[in-house]
Amino acid sequence: MDYFLICLVAFLGSGLTLFSGFGLGTLLVPVFGLFFPIEMAILLTAIVHFLNNIFKLILLGQKANKQVLLSFGIPAIVFALLGAYFLSCIDGMQPIGSYVFGNHTFILLPIKVCIGIVLLFFALFEIIPSWSRFTFDKKYLPLGGMLSGFFGGLSGMQGALRAAFLIRSGLSKESYIGTGVVIACLIDLSRMGIYVQNWSQNTEKIAYPLVLCAVISAFLGAFLGNRLLDKVTLKSIQLLVAVLLMVFAVLLGLGVL
């Protein structure tokens, strides 16, 4: 059951996130968490996420928009590190509330509630007709990179915030996906120090056959998604991002993620 469920989520999540630009890590962590301690679930997800991004880079990296990559990606990487550092400084931030649903207690953290509101705002750009024609001027891309990088590093939700900005930047569907893939790979590389340290400390506990199956499943999902790319319109990708952003924002604000 663990192999089937994890591989299924890796396959579907990878194919879905090829278009949306975010979500694989969000889907895999709770599934891995059903079978492993949460710290191990995060490590296993990081391994699958990084290797899958490398595979997507090979498939689509050449389609990245270099101007957007420089003006958005570099500030995003720098400010993601600053956000991660700031998180370590405010690690004791007090929750604004909590509630119980079933047998689980959910904690409402101020930063996650704020980011949830921001993501809902971006999702409305695709839902409200008068807003749907709005795009970001390229001169604001560095600011977008700073904001998405900082809050992504602060909350771990880098992919959703990056997608929220890039989907409105006037890129073609190929450039949107390729640019997001390159930025995701660069951010993953910037975190490799943490990954390698955790990996070396837990090498005997890692279920390598399961990780290998999950990685192969994610590769197949990305490969199939790439084959379907010509059949997908930019509008359908924008709608997918909007729906996922709304779901993501609500779950984040409610403390589920």
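For S217 (side chain) and A10 (main-chain N/O), no donor-acceptor pair under 3.5 Å exists by modelled atom type. Side chain of S14 to main chain of A218: a donor-acceptor pair is present (N/O by atom type, distance under 3.5 Å, no hydrogens or angles). Remark: side-chain polar atoms of K173 are paired, donor with acceptor, to backbone N or O of L229 under 3.5 angstrom.
Follow the hydrophobic side-chain contacts under 4.5 Å out from V250 and you reach F101 in the same cluster. Linking ILVMFWY residues whenever their side-chain heavy atoms come closer than 4.5 Å, directly or via other members, places Y208 and I47 in the same cluster.
For the pair F32 and A214, the tightest heavy-atom approach, listed with the atom from each and the gap, is CZ-CB, 4.4 Å. Taking each heavy atom of L171 and L166 in turn, the nearest pair found is CD1-O, 4.4 Å. Heavy-atom minimum distance, K56 versus L18: CD-CD1, 3.6 Å. Shown here for T179 and A64, the closest heavy-atom pair between the two residues is OG1-CA, 3.5 Å. Taking all atoms of both residues into account, the shortest heavy-atom contact from F72 to P75 is O-CD, 3.4 Å. Here the closest non-hydrogen pair linking Y3 and L210 is OH-N, 3.5 Å.
The shortest side-chain heavy-atom distance between P95 and L108 does not fall under the 4.5 Å cut-off. Contact annotation: the side chain of F79 never approaches that of L147 to less than 4.5 Å [non-hydrogen atoms, C-beta and beyond]. Here the side chains of Y99 and L254 are in contact, with some heavy-atom distance below 4.5 Å.
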Q: For F11 and L224, run side-chain contact (heavy atoms from CB on, under 4.5 Å): C-alpha distance rounded to whole Å, both residues' side-chain angles, the deciding distance at 0.1 Å, then the answer.
A: CA-CA 9 Å; F11 174 78; L224 180 61; 3.9 Å; yes
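In this structure, CG on L212 lies 9.0 Å from SG on C7, to the nearest 0.5 angstrom. To the nearest 0.5 Å, the span separating CD1 on I58 from CG on N53 amounts to 11.5 Å. Within the model, atoms CG of L141 and CG of L69 stand 11.0 Å from one another, a figure rounded to the nearest 0.5 Å. Rounding to the nearest 0.5 angstrom, the gap separating the OG1 atom in T45 from the CD1 atom in I6 is 8.5 Å.
Residue F219 forms a side chain to side chain contact (heavy atoms under 4.5 Å, CB included) with just one option from N52, V48, L59, I54, and that option is N52.
Within a 6.0 Å sphere centred on CZ of F106, heavy atoms belonging to other residues, nucleotides or ligands number more than 12.
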